[in-house]
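This report concerns only the one structure given below.
None of these values were measured; they are calculated from a predicted model. Chain letters run A, B, ... following the sequence lines, proteins first and then strands; every chain starts at 1.
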There are 2 protein chains.
Amino acid sequence: MDGHTRRIPDATVARLPEYLRILVDLVDQRIPTVASERLAELAGVNAAKVRKDLSYLGTYGTRGVGYDVDYLLFQMRQALGVTQDWPVIVVGAGNLGRALANYAGFGERGFPLAGVVDADDTKVGTEVGPVRVRPMSDLKELVAEHRPVIGIIATPGAVAQQVADELVAAGVTAILNFAPALVTVPPSISLRKVDLALELQILSFYQSQREPRRDSA
Amino acid sequence: MDGHTRRIPDATVARLPEYLRILVDLVDQRIPTVASERLAELAGVNAAKVRKDLSYLGTYGTRGVGYDVDYLLFQMRQALGVTQDWPVIVVGAGNLGRALANYAGFGERGFPLAGVVDADDTKVGTEVGPVRVRPMSDLKELVAEHRPVIGIIATPGAVAQQVADELVAAGVTAILNFAPALVTVPPSISLRKVDLALELQILSFYQSQREPRRDSA
DNA sequence: CGTGGCTTGTGACTTTGTGCACAAGGTCGA
DNA sequence: TCGACCTTGTGCACAAAGTCACAAGCCACG
């Protein structure tokens with residue numbers, strides 16, 4: 001570390017996990033070294049951008065050679081804070097919540113499922129993926145047991161804010177919101193949003209631009 | 001309108017669906033008029049940004065009053081190209097694919113499920129939400145029947161590119177990729193990516209910045 | 001019909017992100 | 001040991017996005 005680690009720009013942060021995924025692949029393929037040019041190709045971006053991004057990590061490659069894959073992977077994990085697992089708690093055992101809980105991809109990438117909770121008593125106790133749904137009242141205990149933990153909101157939009165408040169109260173410091181609603185949290189809490197319908201609408205926009213749809217006959 | 005509708009910036013496009021959702025809420029609440037200030041509050045952004053965003057639509061509000069909610073909603077739908085439904089076809093009937101197919105939220109927001117296909121014969125024929133899984137070979141027919149349609153890739157990363165190629169060959173012009181892999185398509189095709197683990201890693205980064213985790217004892 | 005108050009639309013500026021081009025610095029072969 | 005060849009790291013110029021502040025315009029009320 002160089003003492004005065006520069007603040008990493010948001011745009012760069014958003015790309016780091018992509019590099020991480022690629023590096024894991026490269027390690028699997030026993031590739032010892034990678035140049036920014038190749039990395040850029042794999043990530044679908046510009047090589048200069050890759051170099052600049054990596055330079056923020058204070059990670060130094062070797063001129064004339066490239067980056068040592070193992071070392072870069074180590075640095076990347078360090079930077080992203082994924083040297084240890086981050087358990088996740090899913091709130092809401094509806095379609096989306098159950099889907100996320102079942103989605104094995106999380107666990108494989110360092111985000112094991114710590115539990116699923118739901119406010120609906122008829123859902124409590126039912127099996128969902130590897131766990132049983134627990135009541136909202138268990139939230140605090142669940143968080144305490146696994147902290148630090150990431151909370152995932154998979155409820156209808158109408159209750160998203162309330163759920164977020166409860167997550168924060170229970171000690172969750174990072175939240176991923178899948179509900180189509182604005183959620184606000186104290187500044188010390190990290191929050192991101194994913195809205196699937198929203199993505200489809202963006203696609204719809206760009207597609208309409210290209211080829212306006214006729215009224216169906 | 002100014003004849004030469006300005007190109008809408010990407011950043012603005014990404015916010016339009018958010019406004020759309022809010023406007024639908026406002027209509028439900030029988031609120032006839034909304035000011036940029038209020039809209040900004042509901043969307044969690046700056047009021048000036050709202051006004052600038054809306055100005056790209058050529059939609060004019062009324063000074064001293066605000067925007068007519070019904071009219072703005074109409075304009076917004078027009079701009080986003082969501083005046084008619086966009087059917088979606090899910091490729092991959094694994095956990096994620098089944099989850100997405102079951103997720104009612106899509107249909108409610110104008111993206112009804114047209115079908116689910118999978119390359120695995122043992123999955124073909126099984127029920128998934130409202131439909132039965134069909135073989136990949138049915139893709140072309142399915143697309144032809146529903147075009148224009150959005151393709152959703154919910155397969156493992158390793159086959160994502162191949163699936164994308166098949167979707168394009170079948171006539172799909174917009175693709176939402178959930179697989180953790182880089183996918184490239186011809187420039188006439190719209191493509192967006194959603195990677196759930198990636199979002200979690202970004203959260204992890206910001207959280208680690210605030211409060212570095214200790215090694216567990 | 002005129003005036004006051006409110007809200008839009010936008011020009012000017014700041015901040016953030018991108019891409020080029022090249023010097024700096026390392027490797028490797030002879 | 002030296003030089004040719006690569007690839008990094010970064011200064012700089014440009015593009016995109018965000019913010020501020022205010023003139024222009026509209027409504028309502030007297």
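The CZ atom of B/Arg38 sits 13 Å away from the P atom of C/dT8 (whole-angstrom rounding). When the C1' atom of C/dA23 is taken as reference, atom CZ of A/Arg51 falls 13 Å away, rounded to whole Å. Between B/Asp68 atom CG and C/dT7 atom P there is a gap of 16 Å when expressed in whole angstrom units. A straight line from CD of B/Glu37 to P of D/dC20 spans 11 Å, rounded to a whole angstrom. If you take CG of B/Leu39 and C1' of C/dG9, they are 15 Å apart, rounded to a whole angstrom. Regarding A/Arg15, its CZ atom lies at a distance of 12 Å from the C1' atom of C/dG19, rounded to whole Å. The distance between atom CG of B/Leu72 and atom P of C/dG9, rounded to the nearest whole Å, is 10 Å. When the C1' atom of C/dC28 is taken as reference, atom CZ of A/Arg63 falls 18 Å away, rounded to whole Å.
Closest approach to the A/Tyr67 side chain among D/dT19, D/dT8, C/dT18 is made by D/dT8 (side chain taken as heavy atoms from C-beta onward). Relative to the side chain of A/Pro9, the nucleotides C/dT7, C/dG17, D/dA17 differ in distance, and C/dG17 lies closest.
Using a 4.0 Å heavy-atom cutoff across all strands shown, A/Ala48 reaches at least one base atom of the nucleic acid. Looking at heavy-atom distances under 4.0 Å, A/Ala11 makes contact with sugar-phosphate atoms alone, never a base.
Of the inter-residue distances, the one linking A/Glu199 atom CD with B/Ile150 atom CD1 reads 11.0 Å to the nearest 0.5 angstrom.
Evaluation of atom-type donor-acceptor distances gives a pair under 3.5 Å for the side chain of A/Lys52 against the base of C/dG19.
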